[in-house]
There are 2 protein chains.
Amino acid sequence: MSINADERGGVPPWGPTVVASVSRKDAVGIEIRRAIILGRLKPGDKLTETQLATSLGVSRPTVREALNQLTREGLIVQEPYRGLRVADVTKEQIRDIAVARVGLDMLAIDAILADQTGRRMQIVEEGWEQFERYAFHPDPVVQHEAHLAFHRQIWAASENYLLLKLWPVTEAHITLAIAEDQTARDDPERAHRVHADLMVAIRTKDRDTIEAAFVAHTLTSAEELITLLGGEETQ
Amino acid sequence: MSINADERGGVPPWGPTVVASVSRKDAVGIEIRRAIILGRLKPGDKLTETQLATSLGVSRPTVREALNQLTREGLIVQEPYRGLRVADVTKEQIRDIAVARVGLDMLAIDAILADQTGRRMQIVEEGWEQFERYAFHPDPVVQHEAHLAFHRQIWAASENYLLLKLWPVTEAHITLAIAEDQTARDDPERAHRVHADLMVAIRTKDRDTIEAAFVAHTLTSAEELITLLGGEETQ
DNA sequence: CCTACCTGATTGTAAGACAATCTTCCGTGA
DNA sequence: TCACGGAAGATTGTCTTACAATCAGGTAGG
């Protein structure tokens, strides 16, 4: 696990698709998120600054800056002077995440439906097209990122400045919830279908229909995950 | 502007009320937020890492960690290799902040109203009592923090894990919006009254009444602020 | 007057050092 | 044998110094 291209034979670990260069700090953050998405770093795993700095080939100050950000987002839990852990979420928290997400999604939807020009709906359509392009990509990280990008685009379509500011923390928690859900990552057909259902509902432009779809998409999925986790109390 | 108690005669700059010690990094963050609240740092003001480190009496790495966090929250805007600025918000963004806040507040209220035990409502009452204790404090920073603490407590009362994770970014934007509103800071009577009105509405336990109160409290205030800002486009 | 280059300002990153805090293990005493 | 205290190791928190990278502004030359 290193972010220096020269150590990996030319292709940086965050892949060839990033056009704008990213800072080392951001690259570290990307790499840690990927490791969580891929299950290489699991909820509860312990980490240290020195270990991460060494394996990522950067200095401790650089890794600290990335970790501070991940900590603030909620992906990493820091225990001063003791080390760090990949965050895990309890079943109750998974439900809370879903409840808040539906509320926030509906805030976005209200703004989209309020738009008489159709421009915001168009932005959602473009997000859907992007999603379809990558929904079946062989790389599970690309699939996950396509999923996140689609949901982010719904919020972006609302053109609400604060919603977008809240996205990174929300994204981190979506990632954590999905990291608990091993099966979700392995079923791109299902992932595509549930998003297609969402898109069908959005196109009706009927608020109640859309809300029911988001509840099904998010809350119901959360309850299924909680059932799957069964007796495993994750905290 | 320094965070070392020994340079200030014993009392740390963040005041004697902090019981748990805070890290230097956190103390730096607190100090910069206070300066923004007090208007000593104004929207658009330019800052440099070196300048802040010197005046706060800490090292550049420490200041960087604090600034990274403030940047992520939205209080500071960073321009790589050029310097930093106190964020300012446009009138449209002030409206967006208010719209999103009402939505989030109502998410919290829904969770509070759903609670049959009355425990969550009790938490709101305790938040109100705390607010009343400090609403007329002579220090405007204490007043502002009392205001933030009261609103945070409404979210805390929802016991929704993700809502609380979203609070710091929301708080930063409340602070920015209020920093634009010079008059709001100077009228603790009015501040107390508008929060008392909110509390009266919350106690009715009628969702529509509460929503109307939050709209009046947040959206209407935002529109008033936008009118006050008049022709001054802050972007 | 315009363009190019150089310099200054500032951030991004690193290395090494040490302080602070917490945990674990070992030794001693009861 | 158990409990307590102290020491050592692990890890973060903070600092200092240094240099690379990038951008903006000013000056000089054409």
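Convention: sequence-line order gives letters A, B, ...; per-chain numbering from 1.
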Find the distance [X]:[atom1] to [N]:[atom2] and express it as a whole number of Å.
X     : N      : atom1 : atom2 : answer
B:L52 : C:dT10 : CG    : P     : 12 Å
A:R60 : D:dT14 : CZ    : C1'   : 9 Å
B:K25 : D:dT12 : NZ    : C1'   : 10 Å
B:D26 : D:dT14 : CG    : C1'   : 13 Å
B:E65 : C:dT13 : CD    : P     : 13 Å
B:K46 : D:dA24 : NZ    : P     : 10 Å
A:Q51 : D:dT11 : CD    : P     : 8 Å
A:E49 : C:dA14 : CD    : P     : 14 Å

Under the rule for salt bridge (charged side-chain N to carboxylate O under 4.0 Å, His left out), what residues qualify as partners of B:E224, not counting sequence neighbours?
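Expected list: B:R190.
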
All side chain to side chain contact (heavy atoms under 4.5 Å, CB included) counterparts of [X], not counting sequence neighbours:
X      : result
B:E73  : A:R72, B:R33, B:Q69, B:L70, B:L75, B:P168, B:A172
B:L219 : B:A98, B:V99, B:V102, B:V215
B:R133 : B:Q130

Can you tell which of D:dT12, D:dC15, D:dG13 lies closest to the side chain of B:P61?
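Looking only at side-chain atoms, B:P61 lies closest to D:dC15.
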
Taking only the side-chain nitrogens and oxygens of A:T62, find out if one of them lies under 4.0 Å from OP1 or OP2 of C:dA14.
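It does, given that an N or O in the side chain of A:T62 lies less than 4.0 Å from OP1 or OP2 of C:dA14.
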
Is there a side-chain contact between B:R24 and the phosphate of D:dC15, meaning an N or O under 4.0 Å from OP1 or OP2?
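Yes, because at least one side-chain N or O of B:R24 sits under 4.0 Å from OP1 or OP2 of D:dC15.
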
Taking the six-membered ring for Trp, is the centroid-to-centroid distance between A:Y161 and B:H173 below 6.0 Å?
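So the answer is yes for these two rings.
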
At a heavy-atom distance below 4.0 Å, what parts of residues 67-82 of chain B sit against DNA chain D?
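When residues 67-82 of chain B is checked for heavy atoms under 4.0 Å from DNA chain D, the hits, listed by number, are B:Y81, B:R82.
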
Which residues pass the side chain to side chain donor-acceptor pair (under 3.5 Å) test with B:R64, not counting sequence neighbours?
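Expected list: A:E65, B:E49.
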
Using 4.0 Å as the upper bound for N to carboxylate O, is an ion pair formed by A:E31 and A:R40?
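A salt bridge links A:R40 with A:E31.
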
